[in-house]
Amino acid sequence: MTMAGSETAMLSLAGVSKSFGGLKAVSDFSLDIAKGSITSLIGPNGAGKTTVFNLITGIYRPDSGTMRFDGASIMSLLPHQVVETGIARTFQTLRLFENLTCFENVVAGQHCRCRAGFIACLLNTAARRREEEKAFKLAEEALRRLGIWQFRDELAKNLSYGDRRRLEIARALATVPKLLILDEPAGGLNEQESNDLMGIIRDIRDSGITVFLIEHDMRVVMGISDRVAVMEYGRKIAEGTPEEVQHNPDVIEAYLGSDEEDDEFAKAGEAR
Amino acid sequence: MKTERSRMSRMSVSANSAFLMVLAAFLIVFPFFVSDYWIDVCVFWGINVLLGLSLNIIVGEVGLFNMGHTAFYAVGAYTAAILSQRFGINMWVLMLLSGVAAAIAGNVLTAPIMHLRGDYLLMVTVGLNEIIRITLINNPFGLTGGPNGLIVLDQFRVFGRVIQSPIDFYVLVWGCVALLLFALFRLQRSRIGRAWNYVREDAVAAESTGINTRWAKSLAFMIGAGIAGATGTIYATKMMVISPDSFTFAASVSLFAIVILGGTGSIPGVILASGAMMVLPELMRDFAQYRMLFFGLAMVLMMIFRPQGLWPSTRWSTRVKGGDAE
């Protein structure tokens with residue numbers, strides 16, 4: 001199944017399983033994500049996509065299998081350690097620091113790149129100030145990149161939905177990741193907003209960051225993905241280029257029962 | 001960008017600094033016009049400010065409901081009293097040592113409960129407070145003097161001058177408040193202060209953005225407990241007698257109330273609220289039997305008409321005004 005060799009894989013999952021009580025949320029899931037690619041994970045609701053993300057980011061521990069990122073195992077890392085190794089994420093349901101400004105939200109990403117401890121902060125050492133200046137600079141870059149720099153002093157909760165989505169991506173980018181994991185970034189966005197989003201995601205990829213996303217909007221998935229993996233009932237049922245996946249009978253069946261989904265696939269094909 | 005940022009923070013900070021300047025002016029002038037009695041009242045106000053600010057780190061900055069803060073205060077006071085009695089160590093050194101002892105207690109005692117949230121944590125810290133108080137009453141190894149407590153005979157000394165009179169303590173206590181305010185100011189504007197706020201806002205998001213939430217919480221508990229412990233030394237030398245009666249659950253509740261009534265996370269709020277808690281009862285001595293009634297009424301009215309506190313944290317409100325600025 002795996003196309004990219006493990007040397008060029010940014011993230012490599014092999015035989016990963018996770019059960020909650022009697023429910024097998026993810027079973028024997030394997031996937032290689034090539035460096036510099038955009039890979040999408042799709043599947044019906046409840047297929048286990050977000051669980052895969054939570055396993056990668058250390059929120060859950062897998063029951064079995066291996067997960068390697070950039071050549072090193074990330075099996076036993078805590079979520080903040082996963083971020084330190086270079087994996088940043090966004091959430092399906094936005095999780096912003098609502099009562100803090102956008103700037104403060106994004107600076108959070110730089111926390112793990114700074115080292116100043118209690119004493120350094122108390123004495124306000126030169127090293128601390130330098131490091132903070134750099135952190136602020138990177139936060140500014142992230143905000144500008146997402147086009148929300150003008151909202152920097154606005155509280156996160158006061159932003160429009162689309163801008164809040166952007167803010168969360170900016171916060172993830174501020175961690176200077178090698179791999180960016182987006183959980184339904186186009187969820188709730190209108191057509192114009194998701195077009196913009198596709199541009200942003202391509203830009204991010206072009207700047208050298210590998211992107212891995214969950215998405216339901218087939219237009220987005222088929223429009224930007226280099227590779228698409230399909231999940232159903234916790235298993236991977238298909239993987240390939242968008243065209244391959246679109247014509248895969250298993251995938252069509254997984255999505256079938258509804259002609260609408262078929263139409264969506266067809267439309268997405270035309271959009272390409 | 002830098003100028004933009006500092007302009008914004010200047011707007012929100014200006015009200016706070018105006019408050020602090022007025023307070024400083026008041027505190028400098030005040031002792032010249034009043035009796036020792038009122039100076040003493042202000043000494044206890046200052047002690048409560050120190051305790052309130054230390055608890056504010058835990059409750060206000062990180063959002064951890066700690067209703068057993070007096071436990072750490074007790075650890076500090078007893079550490080100072082015991083070491084002073086047995087070894088006659090200098091009080092300034094003891095202040096440091098009792099701060100460290102309380103910080104260690106803060107770290108060790110809260111380590112197993114650090115993952116708890118909201119009211120669950122609150123319940124356990126109430127228990128913590130009681131465990132410490134009952135331990136003190138039980139006089140372990142004959143160290144704590146049981147229900148009678150301990151006598152502290154030594155005092156702080158500055159170049160041979162013994163800190164004894166109300167005005168000496170007044171200067172000592174409010175000097176400590178000034179130092180603490182400076183330290184808090186520094187911390188709030190550093191990655192540590194920001195990390196605390198991220199944890200308060202959304203611990204899961206903070207962890208997934210690369211913040212070691214456990215470290216942030218532990219650090220807050222250690223610093224908060226340490227300051228309370230150091231304050232315990234001042235209290236011990238001021239009172240000269242410490243007993244478990246000073247470290248009750250009720251004392252923890254009133255500290256918690258100071259932070260909440262003042263405006264969670266707000267430094268001026270803590271100062272105002274602890275002043276209200278200390279000074280108003282003194283003013284109403286003639287109505288002593290109605291004191292709790294007034295207190296309860298004030299609480300209810302506050303919650304109805306001003307749930308954000310006496311002086312809400314600027315972090316949570318003022319900055320919005322400058323949001324549109326480009």
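Throughout, a chain's letter reflects where its sequence line sits, starting with A, and its residues are numbered from 1.
- The local environment of CZ in Arg61(A) is crowded, with over 12 non-hydrogen atoms from other residues, nucleotides or ligands closer than 6.0 Å.
- Note that the CZ atom of Arg186(B) and the CG atom of Asn124(A) stand 4.5 Å from one another [nearest 0.5 Å].
- Glu131(A) touches chain B through its side chain: at least one heavy atom from C-beta onward sits under 4.5 Å away, while N, CA, C and O do not.
- When heavy atoms are compared at a cutoff of 4.5 Å, Val82(A) does not approach chain B at all.
- Leu184(B) does not touch chain A: none of its heavy atoms, backbone or side chain, sits under 4.5 Å away.
- For chain B, the nearby parts of Ala108(A) are the backbone and the side chain; heavy atoms of each come within less than 4.5 Å.
- Residues of residues 83-97 of chain A having a heavy atom under 4.5 Å from any heavy atom of chain B, listed by number: Val83(A), Arg89(A), Phe91(A), Arg95(A), Leu96(A), Phe97(A).
- Distance alone, capped at 3.5 Å, is enough to place a donor-acceptor pair between the Tyr198(B) side chain and the Glu104(A) backbone.
- Heavy atoms of Thr57(A) lying under 4.5 Å from chain B are absent altogether.
- Chain B forms the most heavy-atom pairs under 4.5 Å with one residue out of Glu98(A), Glu168(A), Arg115(A), and that residue is Arg115(A).
- Neither the backbone nor the side chain of Arg113(A) comes within contact range of chain B, judged by heavy atoms closer than 4.5 Å.
- Residues of residues 206-217 of chain B placed with any heavy atom under 4.5 Å of a heavy atom in chain A are listed by number as Ala206(B), Glu207(B), Ser208(B), Thr209(B), Gly210(B), Ile211(B), Asn212(B), Trp215(B).
- More than 12 heavy-atom neighbours from other residues, nucleotides or ligands sit within 6.0 angstrom of OH on Tyr161(A).
- Going from atom SG of Cys121(A) over to atom CZ of Arg194(B) covers 8.5 Å, rounded to the nearest 0.5 Å.
- Remark: Lys157(A) does not engage Glu201(B) in a salt bridge, criterion side-chain N to carboxylate O under 4.0 Å.
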